[in-house]
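Hydrogens, waters and symmetry mates play no part in the numbers below; they use all other heavy atoms, side chains included.
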Amino acid sequence: MSDDGTSHATHVASCSGGERRDAGTPVLILDQSFDRGSLYPLRETLEAHVVHAGLPHGRSMDLVLTVHELATNAVFHGSGTGRARIRQLDGVLRCEVADPGSSEHDAAAWPVRHGHGLWLARYLSDRFTIGSGPDGTQATADFALPGPASRQSATPRLRRLDSHAVLELDGALDEQAAPQIITAVGELVSGTPAPRLVIDLSAVTYWDSTGITALIMAQQRVSETAAGMLVLTGLAAEFADRLDALSPVPFTTRETPAATVHLFPPS
């Protein structure tokens, strides 16, 4: 690491065009050292490389935030320097943030604070591990690359029933779908004194933090009404756990829209 805060990086683009590789062979996407003076350039470099590797823009922001927070921990709670590597393997971008440090700079020194560092890495990534050894501390965060069928942004479809409304989502719960969800919920709330709404997520194929934020905002809008109620259905267990951890407001959930009928007696 240079004294002036500059970083030394090796960038290897993912295979494209006519290039072929074994799907089980790791491909190095990024290898970049960092220190306190190079955290911001690291963010820019991360974004460019993971988008090029095929991670959707909204999810790439989750990755950039995660790696930046881990690097910040290495700088301020570790040895002050580190190295970030990203490899593509079996449909996953694996982010490794290493603090070479010493035995005095181990994982226990990296604090877990709500909304920062290890907390974000644990809930924004698809898999997270951290460990220390003779060579220092390494945190690893995996981000799944979506298949072609998962990339289409969800288009909300609102069905009005006698006792409640159902907002169906089919596709990616991402930064393009988020404003449509917020608009649809806003129109329902504005036109109904006591909005009763089910958001069905059973056909959601992919997500990013902007999509989760849209669900949180929907819950807040409905909760602001005198007798409104929102229920989420079709959540996979892992997604439900993640949503519960990231949301400051509690959600009511059921397995299917049919299982919510008893919650909405006829007006």
Side-chain angles (χ1 to χ4, degrees), residues 1-12 28-53 55-88 92-145 175 207-213 216 242 245-248:
M1 182 64 61
S2 61
D3 292 335
D4 61 1
T6 58
S7 60
H8 301 279
T10 300
H11 311 307
V12 182
L28 184 65
I29 303 298
L30 173 71
D31 185 353
Q32 181 159 326
S33 58
F34 60 82
D35 61 11
R36 184 169 184 170
S38 57
L39 289 175
Y40 182 77
L42 175 64
R43 288 179 65 107
E44 294 184 319
T45 303
L46 284 167
E47 180 181 0
H49 283 75
V50 299
V51 169
H52 180 73
L55 199 64
H57 180 264
R59 195 71 175 120
S60 72
M61 294 298 97
D62 297 345
L63 184 152
V64 170
L65 179 59
T66 296
V67 174
H68 179 265
E69 288 290 329
L70 293 174
T72 299
N73 267 355
V75 167
F76 291 98
H77 304 289
S79 63
T81 65
R83 194 164 203 91
R85 294 184 179 89
I86 299 179
R87 295 181 174 88
Q88 182 176 343
V92 169
L93 293 184
R94 175 155 295 170
C95 309
E96 299 169 348
V97 177
D99 169 16
S102 68
S103 58
E104 297 177 358
H105 302 123
D106 60 21
W110 291 21
V112 179
R113 302 200 313 272
H114 190 279
H116 297 277
L118 302 188
W119 187 91
L120 275 176
R122 183 171 296 126
Y123 292 115
L124 284 184
S125 67
D126 295 306
R127 180 176 180 273
F128 177 71
T129 60
I130 185 170
S132 299
D135 297 326
T137 296
Q138 178 169 296
T140 303
D142 289 353
F143 289 79
L145 290 164
E175 60 180 350
W207 64 274
D208 62 31
S209 59
T210 58
I212 286 181
T213 299
I216 294 171
R242 192 192 307 262
L246 292 173
S247 175

Side chains of [X] and [Y], heavy atoms from C-beta outward: is any pair under 4.5 Å?
X: T66; Y: F128; value: no
X: R83; Y: E96; value: no
X: I212; Y: S247; value: no
X: W119; Y: L124; value: no
X: R59; Y: E175; value: no
X: L145; Y: Q88; value: yes
X: L63; Y: L55; value: yes

Return the minimal non-hydrogen interatomic distance between [X] and [Y], and the atom names on each side.
X: G82; Y: P100; answer: CA-CD, 4.0 Å
X: L39; Y: A71; answer: CD2-CB, 3.7 Å
X: L28; Y: R87; answer: CD1-CG, 4.0 Å
X: A84; Y: F34; answer: N-CE2, 3.8 Å
X: A53; Y: I29; answer: CB-CD1, 4.3 Å
X: G58; Y: D208; answer: CA-OD2, 3.3 Å

Atom pair [atom1] ([X]) and [atom2] ([Y]), whose distance is rounded to the nearest 0.5 Å:
X: T45; Y: L30; atom1: OG1; atom2: CG; value: 6.5 Å
X: H77; Y: T72; atom1: NE2; atom2: OG1; value: 8.5 Å
X: L70; Y: T140; atom1: CG; atom2: OG1; value: 9.0 Å
X: R242; Y: S125; atom1: CZ; atom2: OG; value: 7.0 Å

Distance only, no hydrogens: is a donor on one side chain within 3.5 Å (strictly under) of an acceptor on the other, for D99 and T137?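 No, T137 and D99 have no side-chain donor paired with an acceptor closer than 3.5 Å.
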Main-chain N/O of [Y] paired to [X] side chain as donor or acceptor, under 3.5 Å:
X: R85; Y: D31; value: no
X: H52; Y: A48; value: no
X: D62; Y: L65; value: no

Criterion side-chain contact (heavy atoms from CB on, under 4.5 Å) on I86 and C95, from CA distance to verdict: CA-CA 4 Å; I86 299 179; C95 309; 4.1 Å; yes
